[in-house]
Amino acid sequence: MVLERLRYARAMTNFRHAAKRSIGMWLAWLRCEMRSFPMKSRISKKCFGVSVAILICLCAAPAAAQDSMGEDAAKAGDVPPSDLQLGGYAGLFAPDKEGTVLGLHARYRLGWFEFGGFGELGSEFISKYAGLGATAGLAWRTPFGLRLAASGAFGLHAYRKVGAGLLTSDPGADGTTPFAGARVSAGYIFGRGRNHFELGMTGLYDGDLTRPTVTTHYMDENWFNGNTYEATSTHTIGTDRFGALVTVGWTRDSL
């Protein structure tokens, strides 16, 4: 226990020193940029590169400290029978409609099985959507911290302003559809205590099970003479979505 505390204190001391150096490097880089604007100097690029490298090390420092603190406990090589993970994710999706997505999820693993739920918000240029769903599948966790999971997903998508025009008054269409899909993820659980930081990647597929067609009537304006007229638009609610996500979260092991 005393040895673990000494290792942790040494890691945190190194972390504080690195933080001070990183802040100094960033300030130096900003001064270089201000002096050399609009031309880029080799000195400013060097400052930027070194500071980025230090910041990357800083991101891993707390997790490394936690790993070093629990090094003795890791020798046991035991995987807890169950764990709970709470986290968030962000990523991109395609191919029918490109966009971004942000979400929160909760997952509970019991042996080889995993169950969970999620809520997310996505943007497809002008149109938006919200998703709420549940997952169920298989998960495998190793003694050294790797977690692999594959699960099915199902839930509801609520769409707004689908097909809305940027240069027209078309308001687009709103609608809700059920969806089914799959998620495959790989992550690393840092530390050997009961509470962990987890970082990973997830690939997803969601397919809306119904694709209703919505007809919208609206008033538009002629750009040339300013006259208004009644217009009609037809849009389909629902799509297929492939995505890549970065996930971060907190994992708590069972006793």
Side-chain angles (χ1 to χ4, degrees), residues 58-60 62-63 66 79-141 145-162 174-191 193-209 237-254:
L58 286 179
C59 293
Q66 189 183 15
V79 175
S82 62
D83 57 57
L84 173 67
Q85 186 204 49
L86 303 175
Y89 55 87
L92 304 173
F93 60 81
D96 291 344
K97 298 179 181 178
E98 295 76 18
T100 58
V101 60
L102 293 171
L104 298 173
H105 67 244
R107 299 188 296 184
Y108 180 74
R109 180 187 62 85
L110 181 60
W112 286 85
F113 300 98
E114 185 176 81
F115 313 92
F118 63 91
E120 61 188 26
L121 297 174
S123 175
E124 303 169 348
F125 189 46
I126 297 178
S127 65
K128 316 290 182 184
Y129 82 90
L132 187 65
T135 59
L138 300 175
W140 176 54
R141 177 174 167 179
L146 177 66
R147 183 207 294 268
L148 302 176
S151 60
F154 59 93
L156 291 174
H157 281 151
Y159 291 92
R160 291 192 59 214
K161 298 183 178 180
V162 174
D174 300 342
T176 302
T177 68
F179 73 89
R183 281 163 166 73
V184 178
S185 63
Y188 185 78
I189 302 172
F190 294 90
R194 193 176 176 189
N195 296 290
H196 312 269
F197 170 74
E198 185 168 348
L199 178 67
M201 296 286 293
T202 297
L204 69 85
Y205 165 74
D206 288 337
D208 292 310
L209 300 179
I237 306 294
T239 186
D240 292 303
R241 186 175 293 109
F242 294 88
L245 312 174
V246 175
T247 62
V248 295
W250 165 77
T251 299
R252 182 174 177 83
D253 297 337
S254 63

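Residues: numbered from 1 along the sequence shown. It should be emphasised that the depicted structure is a prediction, and the values quoted were computed from it without experimental measurement.
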When rounded to the nearest 0.5 angstrom, what distance separates CG in Leu132 from OG1 in Thr176? 11.5 Å

Over all atoms of both residues, closest heavy-atom pair of Leu148 and Ala186: CD2-CB, 3.6 Å

With sequence neighbours excluded, residues passing ring pair (Phe, Tyr, Trp, His ring centres under 6.0 Å) with Phe118: none

Rounded to the nearest 0.5 Å, what separation is found between the OG1 atom of Thr177 and the OH atom of Tyr159? 5.0 Å

Chi angles and distances behind the side chain to side chain contact (heavy atoms under 4.5 Å, CB included) call for Met201, Thr247: CA-CA 6 Å; Met201 296 286 293; Thr247 62; over 6 Å; no

Compare every heavy atom of Ala136 with every heavy atom of Phe115, then report the nearest pair and how far apart it is. CD2-CB, 4.0 Å

I'd like to check the ring pair (Phe, Tyr, Trp, His ring centres under 6.0 Å) partners of Tyr205; sequence neighbours left out, ordered by chain and number. Phe242

Give every residue pair that meets the salt bridge (Lys or Arg N to Asp or Glu O under 4.0 Å) criterion with at least one member in residues 126-136, sequence neighbours excluded. none

So which heavy atom on Tyr188 is nearest to which on Leu146, and how close? CD1-N, 4.1 Å

Can you list the residues that meet the side-chain hydrogen bond (donor to acceptor under 3.5 Å, both in side chains) rule with Thr135, with sequence neighbours excluded? none

What residues form a side-chain hydrogen bond (donor to acceptor under 3.5 Å, both in side chains) with Thr239, not counting sequence neighbours? Asp96

Is the shortest heavy-atom distance from the side chain of Tyr108 to the side chain of Leu110 under 4.5 Å? yes

Could you pull out all residues at least two apart from Glu114 that satisfy salt bridge (charged side-chain N to carboxylate O under 4.0 Å, His left out)? Arg107, Arg147

Quickly, which of Arg109, Glu198, Arg194, His196 forms a side chain to side chain donor-acceptor pair (under 3.5 Å) with Thr251? Name it, please. Glu198

Arg160 meets the side-chain hydrogen bond (donor to acceptor under 3.5 Å, both in side chains) criterion, sequence neighbours left out, with none

Should Val162 and Tyr129 be marked as a side chain to side chain contact (heavy atoms under 4.5 Å, CB included) after you check the CA-CA gap, both sets of side-chain angles, and the distance that decides it? CA-CA 9 Å; Val162 174; Tyr129 82 90; over 6 Å; no

How would you list, by chain and number, every residue that makes a side-chain hydrogen bond (donor to acceptor under 3.5 Å, both in side chains) with Arg141, sequence neighbours excluded? Asp83, Asp253

Leu102 to Ala90 - nearest heavy-atom pair and separation: CD2-CB, 3.3 Å

For Asp208, enumerate each residue passing the salt bridge (charged side-chain N to carboxylate O under 4.0 Å, His left out) test, keeping only those at least two apart in sequence or located in another chain. none

CG/Leu84 to CG/Leu86 distance, rounded to the nearest 0.5 angstrom? 4.5 Å

Atom pairs and distances, donor-acceptor, side-chain atoms in residues 149-156, under 3.5 Å, two or more places apart:
none

Might you point out which heavy atoms bring Thr202 and Ser185 nearest each other, and give the distance in Å? OG1-CB, 3.3 Å

Evaluate Glu120 against Tyr89 for side chain to side chain donor-acceptor pair (under 3.5 Å), listing each step before the verdict. CA-CA 9 Å; Glu120 61 188 26; Tyr89 55 87; 2.7 Å; yes

Main-chain N/O of Gly131 paired with His157 side-chain donor or acceptor, under 3.5 Å: no

Mind checking ring pair (Phe, Tyr, Trp, His ring centres under 6.0 Å) for Phe113 and listing every partner two or more places apart, or none if nothing turns up? none

Would you please name every residue forming a salt bridge (charged side-chain N to carboxylate O under 4.0 Å, His left out) with Asp174, sequence neighbours left out? none

Report yes or no: do Gln85 and His105 form a side-chain donor-acceptor pair below 3.5 Å? yes

